[in-house]
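For reference, the structure is listed below as structure tokens.
Because the structure is predicted, anything quoted here is derived from the model rather than measured. Computed over heavy atoms, backbone and side chain alike; hydrogens, waters and symmetry mates excluded.
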Amino acid sequence: MTYQTDIAQTQSLIQRYNGTWDGIDAESVARMRVQNRFQSGLDIARYTAAIMRRDMAAYDADPANYTQSLGCWHGFIGQQKMISIKKHFGSTERRYLYLSGWMIAALRSEFGPLPDQSMHEKTSVPALIEELYTFLRQADARELGMMFRDLDAARASGNAIEEQRLLNAIDGYQTHVVPIIADIDAGFGNAEATYLLAKKMIEAGACALQIENQVSDEKQCGHQDGKVTVPHEDFLAKVRACRYAFLELGVEDGIIVTRTDSLGAGLTKQIAVSKEPGDLGDQYNSYLDCEEIDPATARNGDVILNRDGKLLRPKRLASNLFQFRAGTGEDRCVMDCIASLQNGADLLWIETEKPHIEQIAGMVDRVRAVVPNAKLVYNNSPSFNWTLNFRQQVYDAWAGEGRDVSGYDRARLMSVDYDGTELGDEADERIRTFQKDAAARAGIFHHLITLPTYHTAALSTDNLAKEYFGDAGMLGYVKGVQRKEIREGIACVKHQNMSGSDIGDDHKEYFAGEAALKAGGAHNTMNQFAA
């Protein structure tokens, strides 16, 4: 429905009430409706799921159509990110938000800062989804409100061409609301717990849930040691729980991202149930570190496996965990990915220890031999030392080609001494093109950085504290923050407008007419930023 059609239909509705609704202005109603396009989180989930499905199809047609996101730990951060994207690129297409369980644990728990071990309140996950979409919807209301003001000004000046341009812009308005890929960790309990949390996340607006194959009560950050995986059937029950939640709520094309931590996980909490040779349970167990035994030497309490007529004793640690054979991580990752895709997953996530395109591609090639359209979500993690990793990759490539690397010390390539060198510049170029190259070679549909805004908040605060509390004093804020905001067109320099003051003024005028006491008058100091 167009803006003008909505006005006409609303006017007709008002007239049916025989004068009792004459205090309601049809155009004001239409404006409020345009500013509040999404009536519920489920509306958002359905809308954004369709976006992701279209983007996945576009990537299958051409891997240059990869997508990106940044992790956001507060609604305001997500809002400012999307406002900046629209400002710089004119469109939000193929740009999403990522909701990181790590950042919720570190920044959003009532317990205070926590490690990424699923100890935070599970309800904080849907709460952040709802918060992010509240801020994105407010960004729509704010921007549209400014367009309505311009529309009124064009009408007042009799500028029909500008009026029509604005009406077209309102009808074609692109929302700040984009897909969120939301981290459900390892499901926060059994499959029923996973289902209940998935419902809350979808009802808050999430169209994509990312779930990992670690043990819920032993969950670790993907870039730390001590990770423990679960057998496939246990994990697939949680994948199905997420799908049931999507289907129950009418989000039929919801996205499930299955993450395997097997590359860095050398332990399992339990031995899989196997009903026949070669089934998923048997494949999982085949990677256990076992020793062949004679029945006569079996010890009290031993767990014994029968494979190919041999009796095998899996190595069990004092923690009661079982150990996988060293060097089986990649094989287990591939098996995890294939099993997930064959049992309802839409996208994969392989947690690696370094950003190495050929390592990722080697696993994806094996997966695609079975599931040709397999696609990855990949964590461009701040846990990687990108500078050191890529300088070492260049060093190793040069050494392999027989080039002279005697001027470089591989162990200290992070040093500023190598900034601006040929090796340093080539490494930086590889970092710059990593996402494009990995999308083309390694099947990565979506690139994200899990916790960038955690680091940017710390860095910008450090810079401000150093200047403001030092000799620069107030100039530290003015020169380092406000002057840059003004000159770079940062929307929130007019912070009253950003917080919704003008939207509130509009509503006051709708409700009270000329009697409205508005905040945006001549004495509002935000007028100093009009230019």
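Checking each of K81, K86, R137 against H176 for a side-chain contact (heavy atoms from CB on, under 4.5 Å) leaves exactly one that passes, namely K86. The side-chain hydrogen bond (donor to acceptor under 3.5 Å, both in side chains) test with S69 singles out one residue from H446, R95, R94, and that residue is H446.
Annotation: the span from F390 atom CZ to N385 atom CG amounts to 11.0 Å, rounded to 0.5 Å.
Looking at R108 and E121, no side-chain N of the basic residue comes within less than 4.0 Å of a carboxylate O on the acidic one, giving no salt bridge. R412 and D417 are joined by a salt bridge, as a carboxylate oxygen and a charged side-chain nitrogen come within less than 4.0 angstrom of each other. Salt bridge annotation for R441-D365: present, with a cationic side-chain nitrogen under 4.0 angstrom from a carboxylate oxygen. Taking the charged nitrogens against the carboxylate oxygens, D60 and K375 do have a contact shorter than 4.0 Å, which makes a salt bridge.
Annotation: Y287 is not in aromatic contact with F322 [ring centroid separation under 6.0 Å not met]. Here the two rings, on H120 and F188, have centers that are under 6.0 Å apart.
Heavy atoms of other residues, nucleotides or ligands lying less than 6.0 angstrom from NZ of K484 number 12 at most. By the neighbour-count criterion of 12 heavy atoms within 6.0 Å, atom CD of Q138 is densely surrounded, having more than that number from other residues, nucleotides or ligands. Applying the 6.0 Å contact sphere to OH of Y173 captures more than 12 heavy atoms from other residues, nucleotides or ligands.
Legend: residues meeting salt bridge (charged side-chain N to carboxylate O under 4.0 Å, His left out) with R316, ordered by chain and number and at least two apart, are absent. Evaluation of the side-chain contact (heavy atoms from CB on, under 4.5 Å) rule for Q39 yields N36, D43 as partners, not counting sequence neighbours.
Listed by first and then second residue, the side-chain hydrogen bond (donor to acceptor under 3.5 Å, both in side chains) pairs involving residues 197-209 are K199-E248 (not counting sequence neighbours).
Annotation: cation-pi pair R391/Y418 absent, no NZ/CZ under 6.0 Å from the ring centroid and within 45° of its normal. Geometrically, R37 engages Y47 in a cation-pi contact, judged by NZ or CZ lying under 6.0 Å from the ring centre and within 45° of the ring axis.
Using a 3.5 Å distance cut-off with no hydrogens or angles, the side chains of T268 and Y284 do pair a donor with an acceptor. A donor-acceptor pair shorter than 3.5 Å can be found between the side chains of Q359 and E353. No side-chain donor-acceptor contact under 3.5 Å links T229 and N213.
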Please assess D55 against T67 for the test side chain to side chain donor-acceptor pair (under 3.5 Å), listing each intermediate value before the final yes or no. CA-CA 8 Å; D55 288 348; T67 57; 5.8 Å; no
